[in-house]
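In what follows, chains are A, B, ... by sequence order, proteins preceding strands, each numbered from 1.
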Amino acid sequence: MFTLATWNINSVRLREPLVARFLTEEAPDILCLQETKSPVEKIPLEIFRSLGYTHLVARGQKGYNGVAILSKLPIEDAGDRDYASLGHARHVAARLENGITIHNVYVPAGGDIPDREQNVKFGQKLDFLTEMRDAFHADNPKKSILVGDLNIAPREDDVWNHKALLKIVSHTPIEVEHLAAAQDAGKWVDVTRNDIREGRLYSWWSYRAKDWDAADKGRRLDHIWATPDIVNAGHDSRILRPVRGWEQPSDHVPVLASFDL
DNA sequence: ATGGTCGTTAGACGA
């Protein structure tokens, strides 16, 4: 059995103490981070190594984006894709010794206006998802887990107000359709929703709310998916809402699942 | 309906 977590950390260097606290308290076997905002060589690895996370694959750039997989388990092979040819560090993959491949993805946020004619970033987000779709259609992934900040809340109960968010980037129908197309192409199953089938689930709350907890205007942007051949091994999904209340938090919280593999 | 807050890094840009 192994436990896996995904967390948009919004600067791994600034939040090194929070990552260390999370690794100490929850001790997942694997932690996938997004928005590390750091070149790979500047990720603070010593503290993570000291906590048992001696294996790392990461992609980074200065100031923006960045993804990393910290692991207690050995990593046999690694790779990355540049979906939509943006030149951004938004994907890294690792294969474990048990043959499981983990994809860690940071989908572009997409800007404010949900129209590719008026907003280049929205078009890039859709193109990124389309290229993910095409890659998974070609790859036919097996024994694979995909996690990350997908920057889309697909279900009505993944947002605080479905109707109010239909024209807000992250919950527009065209984004939900593009995400579903990428998901279907790899036959990915939403592990979190396979485990927790009903009720509102959020993994992100804006920094801009006066009182994020009281307002509770959240969205489920962070996801764990698995291919059908291993999805039944997944269990004990959790979203760690209290982490949003830690000192100097990320606006995202960790999402976890365990796999009997 | 609008503006609200962060992080990086040094004036915006991105989320």
Those residues at least two apart in sequence (or on a different chain) that pass side chain to side chain donor-acceptor pair (under 3.5 Å) with N10(A) are K37(A), Y207(A)
note: K217(A), atom NZ; dT5(B), atom P; distance rounded to Å ~ 15 Å
Polar atoms only, N or O, under 3.5 Å: list the protein pairs with nucleotides 12-14 of chain B and their distances.
unit_1  : atom_1 : unit_2  : atom_2 : d
dG14(B) : OP2    : K121(A) : NZ     : 3.3

Rounded to whole Å, the CD-P distance (Q34(A) to dA15(B)) equals 14 Å
Apart from W225(A) itself, its cluster of hydrophobic side chains linked below 4.5 Å comprises Y83(A), L86(A), V105(A), V107(A), F128(A), L129(A), M132(A), F136(A), L146(A), L150(A), I152(A), V176(A), L179(A), W188(A)
H162(A) meets the ring pair (Phe, Tyr, Trp, His ring centres under 6.0 Å) criterion, sequence neighbours left out, with H171(A)
TODO: Using the C1' atom as the reference point in each nucleotide, state the distance between dA10(B) and dG14(B) in Å, no decimals.
DONE: 15 Å
The answer to which of G63(A) and Y207(A) contacts DNA chain B further toward the 5' end, by nearest nucleotide, is Y207(A)
Whole-Å distance, I168(A) CD1 to dA1(B) P, equals 10 Å
Rounded to whole Å, CG of L18(A) lies from P of dC6(B) at a distance of 14 Å
For E76(A), the side chain to side chain donor-acceptor pair (under 3.5 Å) test, sequence neighbours excluded, returns none
I152(A) CD1 to dA15(B) P, in whole Å, measures 14 Å
K210(A) NZ to dC6(B) P, in whole Å, measures 13 Å
- Message: What I want to find out is whether K121(A) reaches D112(A) closely enough, with some N-O distance under 4.0 Å, to be called a salt bridge.
- Response: no
Pair up each side-chain donor or acceptor in residues 44-51 of chain A with any protein partner under 3.5 Å, not counting sequence neighbours, and list the distances.
unit_1 : atom_1 : unit_2 : atom_2 : d
E46(A) : OE2    : R49(A) : NH1    : 2.6
S50(A) : OG     : I47(A) : O      : 2.6

D222(A) atom CG is separated from dA15(B) atom P, nearest whole Å, by 15 Å
Connected to I174(A), directly or through other members, by ILVMFWY side-chain contacts below 4.5 Å are F122(A), L126(A), V169(A)
Note: contacts of residues 241-248 of chain A with DNA chain B (heavy atom, under 4.0 Å) are Q248(A)
Check: W160(A) ring centroid to Y202(A) ring centroid under 6.0 Å
no
Sorted by chain and residue number, the salt bridge (Lys or Arg N to Asp or Glu O under 4.0 Å) partners of E177(A) (sequence neighbours excluded) come out as none
Rounded to whole Å, NZ of K62(A) lies from C1' of dA10(B) at a distance of 11 Å
